[in-house]
2 protein chains.
Amino acid sequence: MNIEKEKDLASSRARIMKALAHPTRIFMVELLSRKEMSVGELTAAVGADVSTVSKHLSLLKQEKILSHTRDGKTVNYSLICPCILEFIHCLDEVISPDAGKGSSCSLVRK
Amino acid sequence: MNIEKEKDLASSRARIMKALAHPTRIFMVELLSRKEMSVGELTAAVGADVSTVSKHLSLLKQEKILSHTRDGKTVNYSLICPCILEFIHCLDEVISPDAGKGSSCSLVRK
DNA sequence: ACTTCATTTGGTCTTTTTGCCAAATTACAA
DNA sequence: TTGTAATTTGGCAAAAAGACCAAATGAAGT
């Protein structure tokens, strides 16, 4: 692969990473991996202003991580691809594969 | 796990994500997964100001993703844990597991 | 049509992130 | 010690991201 293509790929990856690179957003993705939730429920769970939560959600939607369906006057969000959760957990599993063993990889402490 | 612990974990994960959430940084990690490189080599490869590259590197160092050793007047950077690369590729593999198949998961296009 | 509840959008302010320049540091060689 | 190449640091301006309020929109129910 040539260097320009590699840079493009890096940009694509960085966009996704960036969408997940926020405590509230990553937490919401974790919550949504368990069950779909409305904006109100998510707002209560994360403890922030509704408008803030809504904007986080639309960012994740824009990056095609979440989808939403309207049900009456509430809007439910859910993971488009539940495997994104695996990706996040990949951080814990892969980056600190042997948390107890005193390995050199210990980026995320549980 | 209680909700506060979950939020803490989300923050830890977000810190790592954030360190990787930049085209240049993610590209450098990819390069460094192949072989260790000096600041000068990386600068040439990514095409940015040396000082900029140096700052990106120290951010990655701070997050314990990279380590460095001095060799004469050059400094060589390398991945502390090569498995971080697997994590990044996890984005491609896990998030769009079946790129050709017309799946609903297609965040990263190659 | 009028209200009410849930969510989104617009606007603004603050904080963080980037990127470059110039100056400082480090190591080595003459 | 002087000079030179490689890297880091400090400082500053521009750009992006985040948070909150207020106003707008959407979907029922009265």
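In what follows, chains carry the letters A, B, and so on, assigned in the order in which the sequence lines appear, proteins first and then strands, with residues in each chain numbered from 1.
Between the CG atom of A:D49 and the C1' atom of C:dC13 there is a distance of 15 Å, rounded to whole Å. Rounded to whole angstrom, the span from the CD atom of B:E63 across to the P atom of C:dT17 amounts to 10 Å. D:dT8 atom C1' lies 15 Å from atom CG of B:L42, rounded to whole Å. Atom NE2 of B:H68 and atom P of C:dA27 are 11 Å apart (whole Å). Put simply, CG on B:L57 is 16 Å from P on D:dA6, counting in whole angstrom units.
At D:dA6, none of the side-chain N or O atoms of B:Y77 fall inside 4.0 Å of OP1 or OP2 (strictly under the cut-off). Residue A:S54 has a polar side-chain atom (N or O) positioned under 4.0 Å from OP1 or OP2 of C:dT8. Checking the phosphate oxygens (OP1, OP2) of D:dG18, no side-chain nitrogen or oxygen of A:T52 falls inside 4.0 Å. Checking the phosphate oxygens (OP1, OP2) of C:dG19, a side-chain nitrogen or oxygen of B:H56 falls inside 4.0 Å.
Minimum heavy-atom separation, B:P23 to A:A10: O-CB, 3.6 Å.
Side-chain atoms of B:R25 come within 3.5 Å of backbone N or O of B:A19 as a donor-acceptor pair. A distance-only check finds no donor-acceptor pair linking the side chain of B:D71 to the backbone of B:T74 [under 3.5 Å]. Looking only at distances, no side-chain donor or acceptor of A:R15 sits under 3.5 Å from a matching main-chain atom of A:M17.
Ring geometry, A:F87 versus B:F87: the interplanar angle falls under 30°, so the pair is classed parallel (tilted spans 30 to 60°).
By the 4.0 Å N-to-carboxylate-O rule, A:R13 lies close enough to B:E30 to be salt-bridged with it. By the 4.0 Å N-to-carboxylate-O rule, A:E6 lies close enough to B:R34 to be salt-bridged with it.
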Just distance, no hydrogens or angles: give the donor-acceptor pairs under 3.5 Å from side chains in residues 38-53 of chain B, sequence neighbours left out.
{"from": "B:S38", "atom 1": "OG", "to": "B:E41", "atom 2": "N", "distance (Å)": "3.2"}
{"from": "B:S38", "atom 1": "OG", "to": "B:E41", "atom 2": "OE1", "distance (Å)": "3.4"}
{"from": "B:E41", "atom 1": "OE1", "to": "B:S38", "atom 2": "N", "distance (Å)": "2.8"}
{"from": "B:T43", "atom 1": "OG1", "to": "B:V39", "atom 2": "O", "distance (Å)": "2.7"}
{"from": "B:D49", "atom 1": "OD1", "to": "B:S51", "atom 2": "N", "distance (Å)": "2.9"}
{"from": "B:D49", "atom 1": "OD1", "to": "B:S51", "atom 2": "OG", "distance (Å)": "2.7"}

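In terms of position along DNA chain C, the nucleotide closest to A:K61 lies nearer the 5' end than the nucleotide closest to the other residue of the pair B:A21 and A:K61.
The base of C:dC5 has none of its N or O atoms less than 3.5 Å from a complementary donor or acceptor on the side chain of A:T74. Scanning atom types as modelled, no donor and acceptor separated by under 3.5 angstrom connect the side chain of A:K18 and the base of D:dG18.
Here C:dT18 is the nucleotide among C:dT8, C:dC20, C:dT18 with the atom lying nearest to any side-chain atom of B:L59. The side chain of B:K55 approaches D:dT9 more closely than any other nucleotide in the set C:dG11, D:dT9, C:dT8.
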- request: Assign a letter to each nucleotide of nucleotides 24-30 of chain D from its 5' end: B, base within under 4.0 Å of a protein heavy atom; S, sugar-phosphate only; -, no contact.
  value: ---SS--

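Proximity of B:L31 to B:M37: side-chain heavy atoms (C-beta onward) are separated by under 4.5 Å at one or more points.
In the region residues 22-40 of chain B, proximity to DNA chain D at under 4.0 angstrom, judged on heavy atoms, holds for B:S38, B:V39, B:G40.
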